Amino acid sequence: MISVSEALSEKYVGKNVTLRGWVYRARSVGKKAFVVLRDSSGIIQAVGEEPALSADEFKIASSLTVESSIEISGILKEDKRAPGERELVMNSLKVYCRNDNFPVTKDKGEEFLLDIRHLWVRSREFTSVLKIRNTVFKSFNDYFYSQGYYQVQAPMMVSTATEGGSTLFKVPFFGQEVNLTQSSQFYLETMIFSLEKVFTIAPSFRAEKSRTWRHLTEYWHAEGEVAWYGNEDMMKEEEKMMDYIISEVLKHNVEDLERVGRDINKLKNMNSPFLRIPYRRIIEIGNELGLKLEYGMDLGADEERTITNHFDKPVFVTDFPVSLKSFYHRPDPDHPETVLCHDLLAPEGYGEIIGGGERIWELDVLKQKLKDFGMPEDDYYWYLDLRKYGSIPHSGFGLGLDRLVTWIAGLKTIRDSIPFPRTIRRTKP
RNA sequence: GCCGCCGUAGCUUAGUUGGUAGAGCACCCGGCUGUUAACCGGGCGGUCGUCGGUUCAAACCCGACCAGCGGCGCCA
């Protein structure tokens, strides 16, 4: 038993081999049956005719249907007429499951593809997305392990919010209520006091009723937190991480990127250092590009698109005004009206994929911030304790892995980056 | 939450001024000695999203409901 990619290599030419998989296409011409077989590694054409196949087998081979599961044996031959220039000349055929009417055909609409996502995940296009996604997740892990980080896990059921409280999912919990987590950040912060450098990959949940190409209700959140790091240290780490992830995708997934239509040359250009532009300057650049921005305004989707289309590499936007960021961001001691933070905006109009920065580590400053934001100290007693006992400067970040995959693969919507997207109106399949 | 849009066969869709539904793909049958999303001929397949209204007559006009999509805001 060998895989399709092995069968396409030189070493099996002339040998009798057996392949298992699914029918990608089936055609018959006169006394010959052509079957294109698909497995996880690729597709290969097989040809069948009598007497190498029995009369019964030939009849079955010439009437196979799309996505039926089969096992075929035969001699591998070079043949310029076959796609891939190698094909299997069948001498036996076994059918595991013959389908009638596989629902996916050449005509497919976006909604229908979401309804039959459990079948669409077999398509060559989506298989390529899954392979790119796999490289992104693996290389994220590998990068941080190589830098001495520890992977940790935080609870998904929590009682405190990290962002605004209105975006929390409430779930019943033994007669009480808990929330599904929006971020593992605060839990990661607790663990830097023992491990110093930690990261996690976990789902985060947002109950915002977003209807956009860049939001999921449940998304994969990669987060890191590092003792003693300042904002600039954190950005440098993220640049190296991004370099590594992109180089790994370019190393393992060129064929996949081509299949999903990604411009690979653009991706090759995405190496560090990335630009660092303070928020104040972004406002000026936006106005030079014809936008009407004022200091203190948040960057909306249109503004972000205009700005990120202006650059051909990712851009760190730093030093946001205090009012635009959540309570845990550390104000710049030299410019207390801004916080020591960064957003990483992907170019080509894709926009924000990372948010991070220094955390407030002084107890009195954090208490004041909680008060300013109208958040009850009691709920955050454990977060405040971190500032009471051996508190240290530290920084962290959160990365939207689905957004990263969307950008790297050049996809139209974040829903195409994940096998089973959860959105405001979709929980099936 | 706000603004906009769509719903006809399993899928993609045509359907004029209101006159009772047509195609391509998939599937089935037949043909073809090398197909490349094969091709050619035939066949199967429709509660026109649901309910109600107007009309001699509704896929088409009106209303309500259901389902979904796009954009904004929020963020990763």
Side-chain angles (χ1 to χ4, degrees), chain A residues 24-36 43-50 59 62-68 77 79-85 87 89 98-116 119-120 123-124 162-168 182-185 201-223 298-305 324-326 343-346 350-356 397-407 412-415 417-418 423-426 428:
Chain A
Y24 182 67
R25 299 275 188 273
R27 309 176 265 266
S28 78
V29 180
K31 299 285 177 249
K32 289 186 175 162
F34 296 94
V35 178
V36 181
I43 60 172
I44 188 171
Q45 177 166 289
V47 61
E49 61 186 326
E50 293 180 63
K59 201 175 173 193
S62 59
S63 63
L64 280 169
T65 52
V66 172
E67 284 302 311
S68 293
K77 294 210 168 138
D79 195 318
K80 288 219 166 62
R81 296 171 295 185
E85 308 212 337
E87 74 181 357
V89 181
R98 186 184 189 282
N99 311 325
D100 36 72
N101 218 349
F102 191 71
V104 184
T105 65
K106 68 169 183 176
D107 297 311
K108 50 220 180 226
E110 210 172 304
E111 290 174 44
F112 177 66
L113 256 26
L114 284 165
D115 290 338
I116 47 96
L119 301 175
W120 177 240
S123 67
R124 299 200 84 203
T162 48
E163 315 294 336
S166 64
T167 69
L168 287 161
Q182 303 166 305
S183 159
S184 300
Q185 177 192 324
I201 292 181
S204 279
F205 305 88
R206 302 281 166 103
E208 295 138 357
K209 294 185 175 174
S210 302
R211 304 191 46 78
T212 76
W213 64 273
R214 47 197 266 105
H215 289 86
L216 292 171
T217 298
E218 173 187 275
Y219 68 98
W220 285 88
H221 207 172
E223 294 174 277
D298 211 348
L299 299 176
D302 290 340
E303 292 80 29
E304 211 176 80
R305 200 174 305 121
L324 294 183
K325 289 290 171 181
S326 26
D343 283 0
L344 183 65
L345 307 185
Y350 279 91
E352 187 175 356
I353 51 177
I354 290 179
F397 72 93
L399 161 68
L401 284 167
D402 316 279
R403 283 188 181 180
L404 181 59
V405 172
T406 303
W407 168 57
K412 209 173 112 256
T413 148
I414 198 168
R415 293 189 294 272
S417 76
I418 183 169
T423 63
I424 169 172
R425 288 179 226 242
R426 193 172 283 278
K428 281 187 231 173

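Residue numbers start from 1 in every chain, and the chains themselves are labelled A, B, ... in the order their sequence lines are given, proteins ahead of strands. Predicted model, so just to flag it, every value in this text is computed and none were measured.
In this view, A:Tyr219 and A:His221 satisfy the ring pair (Phe, Tyr, Trp, His ring centres under 6.0 Å) rule, not counting sequence neighbours. For A:Thr65, the side chain to side chain donor-acceptor pair (under 3.5 Å) partners are A:Ser68, not counting sequence neighbours. For A:Glu110, the side-chain contact (heavy atoms from CB on, under 4.5 Å) partners are A:Lys412, A:Thr413, A:Arg415, not counting sequence neighbours. Partners of A:Asn99 under the side chain to side chain donor-acceptor pair (under 3.5 Å) rule, at least two apart in sequence or in another chain, do not exist in this structure. In this view, A:Trp220 satisfies the side chain to side chain donor-acceptor pair (under 3.5 Å) rule with no residue, not counting sequence neighbours. A:Ser62 pairs by the side-chain contact (heavy atoms from CB on, under 4.5 Å) definition with A:Ser28, A:Ala33, A:Phe58, not counting sequence neighbours. For the side-chain contact (heavy atoms from CB on, under 4.5 Å) test, residues two or more places apart in sequence or in another chain that qualify with A:Lys77 are A:Ile75, A:Val89. Applying the side-chain contact (heavy atoms from CB on, under 4.5 Å) rule to A:Thr212 yields the partners A:Arg214, A:His215; only residues at least two apart in sequence or on another chain are considered.
Below the 3.5 angstrom threshold, one finds a donor paired with an acceptor across the side chain of A:Gln45 and the base of B:rU35.
The minimum heavy-atom distance linking A:Asp402 with A:Ser417 is given by the pair O-OG, 3.3 Å. Residues A:Ala222 and A:Ile201 share a closest heavy-atom pair of CB-CG1, 4.2 Å.
Between B:rC51 and B:rU8, the distance separating the two P atoms is 16 Å to the nearest Å. Taking atom C1' on both nucleotides, B:rC39 is separated from B:rC61 by 45 Å, rounded to a whole Å. Using C1' as the reference atom, B:rU55 and B:rU20 are 14 Å apart when rounded to the nearest Å. B:rG19 and B:rA26: their P atoms are spaced 33 Å apart (whole Å). Straight-line distance between the C1' atoms of B:rU13 and B:rU17: roughly 23 Å, to the nearest whole Å. Here the separation of B:rG70 from B:rG7, taken at their C1' atoms, is 15 Å to the nearest Å. If you take atom P in B:rA21 and the same atom in B:rC40, they sit 28 Å apart, rounded to whole Å. Rounded to whole Å, the P atom of B:rG73 lies 46 Å from the corresponding atom of B:rG46.
Closest to the A:Arg305 side chain, of the nucleotides B:rC72, B:rC11, B:rA76, is B:rC72. Among B:rC32, B:rA76, B:rG68, the nucleotide with an atom closest to any side-chain atom of A:Glu352 is B:rA76. For A:Glu87, counting side-chain heavy atoms from C-beta on, the closest listed nucleotide (B:rC27, B:rC75, B:rG34) is B:rG34. Here the side chain of A:Arg98 is nearest to one of B:rC69, B:rC28, B:rC32, namely B:rC28. Distances from the side chain of A:Arg415 to the nucleotides B:rC28, B:rG68, B:rG70 place B:rG70 closest.
Looking at heavy-atom distances under 4.0 Å, A:Ile353 makes contact with sugar-phosphate atoms alone, never a base. Here A:Ile354 lies in heavy-atom contact (under 4.0 Å) with sugar-phosphate atoms only. Among the heavy atoms of the strands lying under 4.0 Å from A:Glu110 are primed sugar atoms or P, OP1, OP2 only; no base atom is included. Here A:Arg403 lies in heavy-atom contact (under 4.0 Å) with a base. Base engagement by A:Phe34 is indicated by at least one non-hydrogen atom pair under 4.0 Å involving a base atom. Across all strands, A:Thr212 comes closer than 4.0 Å to base atoms (heavy-atom distances). If you check every strand for non-hydrogen atoms under 4.0 Å, A:Ala82 touches a base. Among the heavy atoms of the strands, none lies under 4.0 Å from A:Trp220. Within 4.0 Å (heavy atoms only), A:Glu50 reaches no atom of the nucleic acid at all.
One interatomic measurement links the two molecules: NE2 of A:His221 to P of B:rC75, which rounds to 13 Å at whole-angstrom precision. Following rounding to the nearest Å, A:Phe205 (CZ) and B:rA76 (C1') show an atom-to-atom distance of 14 Å. In this entry the distance linking NZ of A:Lys108 with P of B:rU13 reads 13 Å, nearest Å. Following rounding to the nearest Å, A:Lys31 (NZ) and B:rG34 (P) show an atom-to-atom distance of 12 Å. Rounded to a whole Å, the CD atom of A:Glu303 is 10 Å from the P atom of B:rC72. Spacing between atom CZ of A:Arg214 and atom P of B:rC75 amounts to 11 Å, rounded to whole angstrom units.
By the 4.5 Å heavy-atom criterion applied to side chains, A:Arg426 and A:Asp115 are counted as neighbours. Considering only heavy atoms from C-beta on, A:Leu119 comes within 4.5 Å of A:Pro103 through its side chain. A:Thr423 has its side chain within reach of A:Leu216: a pair of non-hydrogen atoms, C-beta onward, lies under 4.5 Å apart.
Comparing A:Asp79 and A:Arg425 by the nucleotide of RNA chain B whose heavy atom lies nearest to each, the residue mapping closer to the 5' end is A:Asp79. Residue whose closest nucleotide on RNA chain B sits further toward the 5' end, between A:Glu111 and A:Asp298: A:Glu111.
Between the side chain of A:Glu223 and the backbone N or O of A:Ser183 there is no donor-acceptor pair closer than 3.5 Å. Side chain of A:Glu303 to backbone of A:Gly300: a donor-acceptor contact under 3.5 angstrom is found.
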Below 3.5 Å between N/O atoms, which protein atoms pair up with nucleotides 1-5 of chain B? Just atom names and distances, please.
unit_1: B:rG1; atom_1: OP1; unit_2: A:Lys209; atom_2: NZ; d: 2.2
unit_1: B:rG1; atom_1: O6; unit_2: A:Lys209; atom_2: O; d: 3.0

Between protein and nucleotides 24-26 of chain B, what N or O pairs are separated by less than 3.5 Å?
unit_1: B:rG24; atom_1: N2; unit_2: A:Asp107; atom_2: OD2; d: 2.8
unit_1: B:rA26; atom_1: O2'; unit_2: A:Asn101; atom_2: OD1; d: 2.9

For RNA chain B, the dot-bracket pattern of Watson-Crick and G-U pairs whose distances stay under 3.5 Å, | for other-strand partners
(((((.(..((((.....[..)))).(((((.......))))).....(((((..]....)))))).)))))....

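Expressed to the nearest 0.5 Å, how far CD of A:Glu87 lies from CD of A:Gln45 amounts to 5.0 Å. Taken to the nearest 0.5 Å, the CG atom of A:Leu168 stands 9.5 Å off from the CD atom of A:Glu208.
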Scan nucleotides 40-49 of chain B nucleotide by nucleotide, 5' to 3', and note B when protein non-hydrogen atoms come under 4.0 Å of the base, S if they reach only the sugar-phosphate, - if neither.
----------

